[in-house]
Structure formats: structure tokens, C-alpha cells
*Asks:* 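Here it is, the structure in full.
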Amino acid sequence: MSETESRDFIRQIISDDLESGKHQQITTRFPPEPNGYLHIGHVMSICLNFGVTEETGGRTYLRFDDTNPGKESSEYVEAIKRDVRWLGFDWGGRLTHASDYFNKLYDAAIKLVEMGVAYVDSLSAEEIRSYRGTLTEPGKNSPHRDRSVKENLDLLARMRAGEFDDGEMVLRAKIDMSSPNMNLRDPALYRIRHVEHQHTGNTWCIYPMYDFAHTLSDAFEEITHSLCTLEFEDHRPLYNWFLDQLEPRHRPRQIEFSRLNLAYAITSKRKLNALVEEGIVEGWDDPRMPTIAGMRRRGYPAAALRDFVHRAGVTKKDKLIEMGVLENSVREILGEEAPRRMAVLKPLKVVLTNYPENTVEMMEAMNHPARPEFGTRELPFSRELWIEQDDFMEEAPRKFFRLKPGGEVRLRFGYIIRCDEVIKNDAGEVIELRCSYDPETRSGSANSDRKVKGTIHWVSCAESIDASVRLYDRLFTVANPNTAEDFHAVMNADSLQTVAAKLEPSLAALENDEPVQFERLGYFCADSESEDESVFNRIVTLRDSWAKLEKQAMQEQE
RNA sequence: UGGGGCGUAGCCAAGUGGUAAGGCAUCGGGUUUUGAUCCCGUGUACCGCAGGUUCGAAUCCUGCCGCCCCAGCCA
């Protein structure tokens, strides 16, 4: 971060705490529940939690908040570790689970009972709900609220011993049933769940609730700043209540910031899971998903994701950030780092009538226009080429400076050609162009500086390789699908288009993790999950001012 | 209609009493064998509204309005 850049409110608090001597070192934690894959919203939290300690020489725990077995699995644990690592962060030896503290948590629960501020309730879930009151009316005390410490201790021990069925008993904090803050109306601390836990197996049949487990885990790990999202603001009084009652050696401070929402994307694990379960997408790592796994497979660089959340900032205001900001971050990184290649997505054949048959010339092409250290490669050039269908128009508007009947265009790294004849099929569709080339204009030669308005990309037919290229678009048709009554109704039916493309030969050797730019088209990468090597994903298009002009022209016509 | 938050340009976001940074988008223009990149330039933000305090307020006070979150034995 540069000197002139201002710090967000959390970093300000942290540097104040460091300057005042309140803390010598900062400790944070990223506490995902392993019940789904991480998404763009989590990237924000990961970058914040690991970022502040990276900047101040502190430490960060990766802690799995695994207090609700049944919804959680080790598959998710592994996926989360992979994603955090890929994003570029290192938790060192600080990988923990809330379940690592189950014994200490249970001891703390006993202590609360002994202090008379927790009790075992035998009301059913429905009864508890009806006793809780509403937002505007206070709740009522449970008839079991005043059980003796002895009885509570006995009941709690029997809960743990497995003497009761799920839901038969629950341990509750004794706070205030008339509190305007619902979280303080005797919240549940422990519930009975006779299910196997992904980390502790069958050693427990009672499991602590989030508020209780999270607060104490923070204290045990000596977290200085417990950073979470805004919806937990109401929980802070409860967080502090636990600390006040139990007085742990270390007292962490909870600070809340707003979630990051991405336009045209969903960031709800429940809904993301539904997309996967219902087969609407291929999986959690479908390149259209806003999950870290999906974006990685799509080809978004980790650095772009980090840059994106940095641009979004840390505040307490609800935000819905435009997709363009993310795409800008992706383009910025890729523009700098991706080697250039040639590929034709929607091929149209061009025959150079005055070019010798059975001849192949090798044309030298730069791998990056601004970075000569990337070197060059050779492209085969011959009599029959593929060009992009969009680069030819039979009746072209004035400003269209690509190929048109009688018109000239430069073939990138090749020759200038002229369109002499248009061949059509019975349906009247253009299927081939007869062109002539100007031998004097070979790229790089002495007389190659003749100017023509346009330059288009191409691939030699005989030497090209076939590939299936997937073109992705946003999954939803509305900016905020999170608030849609039913997200199914706002799905974009055309979020995936697959085309049969022609690629330059060098692309056959492309590594999976190596994004490239197909010149004039966008950034692409080989799909890591496809057995077939010739499946590519479009990461993002290039900025396209021609498309913008076309769109404006269309709107003016209407 | 209880409680907790938030309101600065289309989207983000600085600003912490002295007269509104920056990014993305937009719109112009230049360079260019990617209509990309790059480079210039481009915004009347009634700082949610209304009062008040002050020589001076986006910043302090009061009232109002709008939006978000909370009634899981989820996190």
C-alpha cells in the first residue's frame, strides 16, 4: 500500500491499537464453515484477515467453524484449504477447528451452569420459539429457567452421555427474555445431535452453537481483532456477554464490515449449492460460478481477485459492485502477463487465389507487443486461411474497417489482402471469400509499411488445430439476483456458448495454468477439468469499442 | 410500530470543522500491423432531506426520510 493511500476503518483501528501499545502484535482468523465452497465474498474476508497481519507482521489462523455436523464435510475442508492457498495466503501452522476446542468449550459451559447463568431447557424447539416473543413483544421465561445448578449439571452431563434424543434438551444462556436484542433472549448454547462429525467422529453427541464456540475460540487463539460481516453486529452484545461472564485470559474485539456483493452473481452458499444440486451448472467449480474454484478454473488470476477486493474497499455500507470492476482487474493482470496467440472462433474460409499452392511460409509473430522479452514464434501461412466471420461484412457501414467486397485489410503478421469474390451457399450464406494478396506487403519486409485501415487475425487451414471453446456470460439477467424472489426466474439461459474454433499450432502445447490472449478476442485458458486437451475457456473478452459503436447504432435505429 | 447498522457522481470510495482525492464506467482526442494496450482530456456530487451551532459544516447538534440486518436447537 502506498503512503498516500488511505486506510480503511479497520486498518485504522489496528494501527491505533499498535501505536497505543494495546497490542504488540495482531492476530486474526478466517473462520469458514466447511459446508460449501468459498466465493467472491469470502475473498474479501480472506484478503482482509490475512492482509492486515501480513502488513503488520502478525498472524492469522485458518479456523474451520465446524460446529454443525451433518452440513459439513471434509470435502469442503480440503476445497477451502486449496482455495486459500491458491489465493496466495499462508496460515503456517495455524490451521485449527472450533471442534479442537470441544473439551474446553464443554468445561466453559459447565462453568456457566455453575455460575447460574446457563440452564438446561426441556422445551421443544417450537415451544422455545413461541416463548421467544417477537421483534416488538418481549418473550417469556421458560418454566425450566430456574432449575437448580445441581439439576442443570446433572442434565447437561446426561445430554453429553447420550441419554436424550435430538431436540429433547438444550443448554441455554440465562440472559434476558425481554431484551430488544433477540440474540440475548436466552440463546441456545448446546444442542443434541446424534450424528458423526467430520473432524471429531462420534466422540460427541452435543454440539456448541456458533456464538458460544466462536467467541471462545477467538479467546483461546488470542485473536486481537475478530473481523466479521455486518449481520453479526447484533451478536456483538452476546459475544461480549460470554467474555464478561467467563473472563478468559485474552479478550478479543469483534469488528464488523459489510459484505461484498457482485452484480449479476449470487453469493449465498445455499443458492450456490442449489445451482450445483439441480445440475444448472457443472459443479462448484463451473467457470460461471462466483466461487474461488470456479474463477480459478475460468482462468481469473489470483492477483486479479486480490486487486479487485482491494478496489472495492472495506466499509460498513452495503455494496453491489459492477462486474466491470472485476473484469478490469482481470484484464489488467492478463494484459501484462498473457502471451498473445492467434485463434479463430467462428471460422470463415479465405482462399488467396494468387498465392502458390502447396506452399507454407513461416511468419514471425511477437508474443507480446509491449514485452520483447516474451520472444517471438513462427506462424504457418498458406493459400487457405481461416478468418473470423465477424471480420467480413458484405454490406459494411462506413466505419467498418475490416474486410468487405473490394476492400483491403491487413492480416496480422502477414500480408495485405483484397476481397475479390464472395462465395455463398444455396441459403445465401457466405461460406468462402476469394482474395488476392499483395506480395510486397509481407509483415516486417522493407515495403510492408503500406497503411490499411484494419488488421485482422487468421489461422492457416492445413496447420490449424481444432478446439472447442466455451464462451461464458453472466449467470443471471438481473443485477441483484440475491434479492430475487426465485433466482430460477432470473437465470441467463445463454450463459454458456460453445464454438468449434481453429487455433494456431503452438496452442497444442499450452499448459493448463497458462492464460493466453487470443488476439482481438480476449483471454483464454485450457480447461483444467477436461480430459480432451482441446477445450478452452474464455476468461474475459477484450474491451471492444467497435461492439460499443454497433450497440449505439442499433439503439439509434430503434 | 422493538433493537442494530448504513446513506459522498452510474458503481465503489477518500474525507475526522476551513471550503469535495482516487478507481471503475461514460464521453472526447492522440499513438497503434490487436477497433486491445498506452497517453491526454472530460463530472454543476443541492455530500439523503430540513433545521440549528459556528466567521466557516460532508464533517458537530436536533428532527425527519430511505435502505439493510435480527424472532434457527444455522453460521
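Residue numbers start from 1 in every chain, and the chains themselves are labelled A, B, ... in the order their sequence lines are given, proteins ahead of strands. Quick caveat: nothing in here was measured; it's all calculated off a predicted structure.
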*Asks:* With P as the reference atom in both, quote the distance from U53(B) to G72(B) in angstrom, rounded to an integer.
*Replies:*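 So the two P atoms sit 48 Å from each other.
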*Asks:* Any donor-acceptor pair, under 3.5 Å, between the side chain of R236(A) and the base of G4(B), if you only look at N and O atoms?
*Replies:*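 Such a pair does not exist between side chain and base.
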*Asks:* Let me know, please, whether N328(A) or I456(A) comes out on the 5' side of the other along RNA chain B by nearest nucleotide.
*Replies:*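 Of the two residues, N328(A) wins.
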*Asks:* Looking at G2(B), which nucleotide sits across from it as a Watson-Crick or G-U wobble partner, both distances under 3.5 angstrom, or is there none?
*Replies:* C70(B)
*Asks:* Ring-plane angle category for Y239(A) and H214(A), please: parallel below 30°, perpendicular beyond 60°, tilted otherwise.
*Replies:*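 Judged by the thresholds at 30° and 60°, the geometry between Y239(A) and H214(A) is tilted.
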*Asks:* Taking the minimum atom-to-atom distance to the side chain of N68(A), which one of A25(B), U26(B), C74(B) wins?
*Replies:*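 The closest nucleotide is C74(B).
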*Asks:* Given C73(B), is OP1 or OP2 found less than 4.0 Å from the side-chain N or O atoms of R132(A)?
*Replies:*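 Answer is yes, contact under 4.0 Å.
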*Asks:* Nearest to the side chain of F401(A), which nucleotide is it out of G3(B), C73(B), G35(B)?
*Replies:*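 Within the option list, the nearest is G35(B).
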*Asks:* Can you identify which nucleotide, out of U34(B), A13(B), G35(B), has its nearest atom closest to the L542(A) side chain?
*Replies:*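 Out of U34(B), A13(B), G35(B), the nucleotide with an atom closest to L542(A)'s side chain is U34(B).
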*Asks:* May I ask you to decide if the ring planes of H97(A) and H199(A) are parallel, tilted or perpendicular, using 30° and 60° as cut-offs?
*Replies:*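 Judged by the thresholds at 30° and 60°, the geometry between H97(A) and H199(A) is parallel.
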*Asks:* Would you mind telling me which of G2(B), U34(B), C24(B) lies closest to the side-chain atoms of L135(A)?
*Replies:* G2(B)
*Asks:* Roughly how many Å is it from CG in D8(A) to C1' in C12(B), rounded to a whole number?
*Replies:*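 Value for this atom pair: 14 Å.
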*Asks:* With a 3.5 Å limit on both atom pairs, tell me what G7(B) is paired to, counting Watson-Crick and G-U wobble, or say none.
*Replies:*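 Here G7(B) is engaged in a pair, and the nucleotide opposite it is C65(B).
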*Asks:* Looking only at N and O atoms, is any donor in the side chain of T136(A) or the base of U1(B) less than 3.5 Å from an acceptor on the other one?
*Replies:* no
*Asks:* Would you kindly check whether a donor in the side chain of H457(A) faces an acceptor in the base of A36(B), or vice versa, at under 3.5 angstrom?
*Replies:* no
*Asks:* Of all the choices, C73(B), A36(B), C12(B), which nucleotide is nearest to the side chain of K319(A) once you look at every atom?
*Replies:* C12(B)
*Asks:* Compare side-chain N and O positions of R191(A) against OP1 and OP2 of A75(B) and report whether any pair is under 4.0 Å apart.
*Replies:* yes
*Asks:* Could you measure between the two C1' atoms, the one in U44(B) and the one in U34(B), and give it in whole Å?
*Replies:*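 Straight-line distance between the two C1' atoms is 39 Å.
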*Asks:* May I ask you to decide if the ring planes of F518(A) and F524(A) are parallel, tilted or perpendicular, using 30° and 60° as cut-offs?
*Replies:*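 Taking F524(A) first and then F518(A), their aromatic rings lie parallel (interplane angle under 30°).
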*Asks:* Using heavy-atom distances to pick each residue's nearest nucleotide on RNA chain B, tell me which of D66(A) and F9(A) is more 5'.
*Replies:* F9(A)
*Asks:* Can you check whether P187(A) reaches Y210(A) side chain to side chain, under 4.5 Å on heavy atoms?
*Replies:*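 No, too far: nothing below the 4.5 Å cut-off.
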*Asks:* Is the phosphate of G4(B), meaning OP1 or OP2, less than 4.0 Å from a side-chain N or O of K316(A)?
*Replies:* no
*Asks:* As a test of reading the structure: which of C24(B), U33(B), G5(B) is closest to the side chain of K451(A), going by heavy atoms?
*Replies:*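 The answer is U33(B).
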*Asks:* Only one of K316(A), R259(A), R236(A) clears salt bridge (Lys or Arg N to Asp or Glu O under 4.0 Å) with E231(A); which?
*Replies:* R259(A)
*Asks:* Using the rule for Phe, Tyr, His and the six-membered ring of Trp, do W546(A) and G35(B) stack at under 5.5 Å and under 30°?
*Replies:* yes
*Asks:* What integer number of Å spans the P atoms of U8(B) and A13(B)?
*Replies:*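 These two P atoms come out 9 Å apart once rounded.
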*Asks:* Quick one: does Q517(A) reach the base of U34(B) with a side-chain donor-acceptor pair under 3.5 Å?
*Replies:*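 Checked by distance alone, the answer is yes.
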*Asks:* Go through A36(B), A14(B), G15(B) for me and flag the one nearest to the Q12(A) side chain.
*Replies:*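 Ranking A36(B), A14(B), G15(B) by closest atom to the Q12(A) side chain puts G15(B) first.
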*Asks:* Closest to the M182(A) side chain: A71(B), U33(B), A75(B)?
*Replies:*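 Looking only at side-chain atoms, M182(A) lies closest to A71(B).
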*Asks:* Closest to the T455(A) side chain: G35(B), C24(B), C74(B)?
*Replies:* G35(B)
*Asks:* Between S258(A) and C68(B), is there a side-chain N or O to OP1/OP2 distance below 4.0 Å?
*Replies:* no
*Asks:* Syn versus anti for G7(B), judged by chi lying within 90° of 0?
*Replies:* anti
*Asks:* Students often mix this up, so state it plainly: with edges at 30° and 60°, are the rings of W284(A) and Y37(A) parallel, tilted or perpendicular?
*Replies:* parallel
*Asks:* Could you work out which one of C74(B), G4(B), A36(B) sits closest to the side chain of D234(A)?
*Replies:* G4(B)
